[in-house]
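Residue indices begin at 1 and follow the sequence shown. Here the structure is a predicted model, which means the values were calculated and not measured.
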Amino acid sequence: MQQTPSSSSCGGWLGGAIRRIEADYQRSADTHLIPLPLPALAAAGIDLYLKDESTHPTGSLKHRLARSLFLYALCNGWVREGTTIVEASSGSTAVSEAYFARLLGLPFIAVMPRSTSPEKVAQIAFYGARCHFVDHAAQVYEEAHALAEQTGGHYMDQFTYAERATDWRGNNNIAESMFQQMARERHPVPAWIVVGAGTGGTSATIGRYVRYRCHDTQVCVPDPEGSVFSAYHRTGDATLTAAGSRIEGIGRPRVEPSFIRTLVDRMIEVPNLDSVAAMHALSALLGRKVGPSTGTNFVGMLAIAREMRAAGRQGSILSLLCDAGERYLPSYHDAAWVQNAFGDIGPAQQRIDALVAG
């Protein structure tokens, strides 16, 4: 007698869903590794690189996370045919999850602060998803839980599951890709990898991978002004809270479960104006606009490069180009908006330009 496939088999809707996600992955090439030649640093034996995550189909690093979260939820039996997906997101994760929800024919609701950029809201809507707004970033968690209960859906909860949904030992994760692409460079094993933290999943994946492979690489998280992660890293007190970050996509008002402090060797606290100034400086160097979280990363890279140069140490520093700046044209790339939101950018721009010039 023919048996009906169980919920754990690769038949039926579940198998089709997994195959669609894996087929989507196979259609995508790896993201580029971009050398960032700064003559004064290069002459001192220090090389900077950016892995360009803006080239994913949904335009940001969060495409990797969304794929992993969907596969994790599917294989755990949390998501089935017709399940409404709910996520708490400041933007990019919601864009990427909306893409995968549409790929699987699932309803999707993104819970986000009203301050989220209109460009990201439009991208989420483009994929057929619904945006649900709250007044303050700290409200997204409870609201997402409530909506999942009301709809009988599944709260994806990137802030809890980001660090465990990705196989940190390899399997084409971002860390493995980084080291493969660095293999023929002057300093193939980076002295430092610099990554901002929103969920903390990327720093956790990279931190575990470098230890698993026994690489002589340290992990630095540049933390934007207003985020709680730096204080938590310093004290270990998971009950701490903060005002919250104003650099979209990174930094949090509370300690997230996916931020594993023991996997981060160093934190650098970055003022908002420095993040924006570095975003502009890096955009000029690359000839293309980048987003503000990439600016935060660049501040961290420059700080470490200055210290390495002063100590006479050579090596490579690797970071991420998180997303493209076109998403932020009316905000972080608009001088009047920056002046109104953060104040005079002039002194910060001078500091960053001096670091770039060496």
Side-chain angles (χ1 to χ4, degrees), residues 32-52 174-197 202-203 205-225 229-230 233-234 250 261-271 273-275 277-286 290 293-322 347-358:
H32 296 291
L33 185 70
I34 302 173
L36 186 61
L38 300 182
L41 292 177
I46 301 169
D47 301 327
L48 274 57
Y49 299 85
L50 292 165
K51 187 162 175 59
D52 185 4
I174 191 169
E176 183 177 60
S177 177
M178 284 175 163
F179 281 90
Q180 288 176 347
Q181 290 178 316
M182 286 290 295
R184 295 185 182 275
E185 301 301 319
R186 176 164 63 159
H187 306 292
V189 176
W192 286 90
I193 295 178
V194 179
V195 290
T202 301
S203 59
T205 296
I206 293 170
R208 287 170 176 151
Y209 183 86
V210 298
R211 287 157 177 77
Y212 178 62
R213 295 296 184 187
C214 297
H215 290 307
D216 188 16
T217 300
Q218 292 182 283
V219 176
C220 171
V221 170
D223 203 32
E225 180 181 336
F229 288 141
S230 288
H233 185 265
R234 191 167 55 246
I250 57 173
R261 63 190 285 269
T262 52
L263 294 171
V264 176
D265 297 291
R266 179 177 177 185
M267 305 285 296
I268 295 177
E269 296 180 18
V270 181
L273 282 168
D274 285 22
S275 291
M279 177 195 75
H280 286 298
L282 184 56
S283 296
L285 287 169
L286 295 175
V290 302
S293 61
T294 304
T296 308
N297 285 344
F298 192 38
V299 174
M301 296 177 80
L302 291 172
I304 289 172
R306 179 181 59 183
E307 294 173 3
M308 288 176 62
R309 186 179 180 187
R313 185 183 176 195
Q314 299 186 349
S316 56
I317 303 170
L318 174 57
S319 189
L320 300 177
L321 197 166
C322 305
Q349 198 71 69
Q350 292 176 3
R351 287 196 300 273
I352 298 301
D353 289 345
L355 288 172
V356 169

Spacing of [atom1] belonging to [X] relative to [atom2] belonging to [Y], to within rounding of 0.5 Å:
{"X": "Ser275", "Y": "His280", "atom1": "OG", "atom2": "NE2", "result": "11.0 Å"}
{"X": "Leu36", "Y": "Leu41", "atom1": "CG", "atom2": "CG", "result": "9.0 Å"}
{"X": "Met301", "Y": "Leu282", "atom1": "CE", "atom2": "CG", "result": "8.5 Å"}
{"X": "Leu318", "Y": "Ile34", "atom1": "CG", "atom2": "CD1", "result": "11.0 Å"}

Any side-chain to backbone donor/acceptor pair from [X] onto [Y]? Under 3.5 Å, distance only.
{"X": "Thr296", "Y": "Pro222", "result": "no"}
{"X": "Asn297", "Y": "Ser319", "result": "no"}
{"X": "Asp223", "Y": "Glu269", "result": "no"}
{"X": "Arg261", "Y": "His233", "result": "yes"}

Would you say that [X] contacts [Y] through its side chain, given a criterion of any heavy-atom pair below 4.5 Å between the two side chains?
{"X": "Met178", "Y": "Leu320", "result": "yes"}
{"X": "Leu286", "Y": "Leu321", "result": "yes"}
{"X": "Val219", "Y": "Leu263", "result": "no"}
{"X": "Leu285", "Y": "Phe298", "result": "yes"}
{"X": "Ile206", "Y": "Thr217", "result": "no"}
{"X": "Ser316", "Y": "Glu185", "result": "no"}

Might you point out which heavy atoms bring [X] and [Y] nearest each other, and give the distance in Å?
{"X": "Tyr49", "Y": "Pro35", "result": "CD2-CA, 3.8 Å"}
{"X": "Met182", "Y": "His187", "result": "CE-O, 3.4 Å"}
{"X": "Asp265", "Y": "Gln218", "result": "OD2-CA, 3.2 Å"}
{"X": "Ala42", "Y": "Arg186", "result": "O-NH2, 3.1 Å"}
{"X": "Pro271", "Y": "Glu225", "result": "CA-OE1, 3.4 Å"}
{"X": "Val290", "Y": "Ser283", "result": "N-OG, 3.1 Å"}

**Item:** Under the side chain to side chain contact (heavy atoms under 4.5 Å, CB included) test, residues paired with Gln181 that sit two or more places apart
**Value:**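 Gln181 satisfies side chain to side chain contact (heavy atoms under 4.5 Å, CB included) with Asp30, Leu33, Lys51, Ser177 only.
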**Request:** With sequence neighbours left out, write down each residue that passes ring pair (Phe, Tyr, Trp, His ring centres under 6.0 Å) with Phe229, or none if nothing qualifies.
**Result:**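 So Phe229 forms a ring pair (Phe, Tyr, Trp, His ring centres under 6.0 Å) with Phe259.
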Using residues 348-358 as the side-chain source, report each donor-acceptor pair under 3.5 Å to any protein atom, sequence neighbours left out, with the distance given to one decimal.
| from | atom 1 | to | atom 2 | distance (Å) |
| --- | --- | --- | --- | --- |
| Gln349 | NE2 | Ala277 | O | 3.1 |
| Arg351 | NH2 | Asp274 | OD1 | 2.5 |

**Prompt:** Which word best sums up how the rings of His215 and Phe179 line up, parallel for under 30°, tilted for 30 to 60°, or perpendicular for over 60°?
**Reply:**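 Ring orientation of His215 relative to Phe179: parallel.
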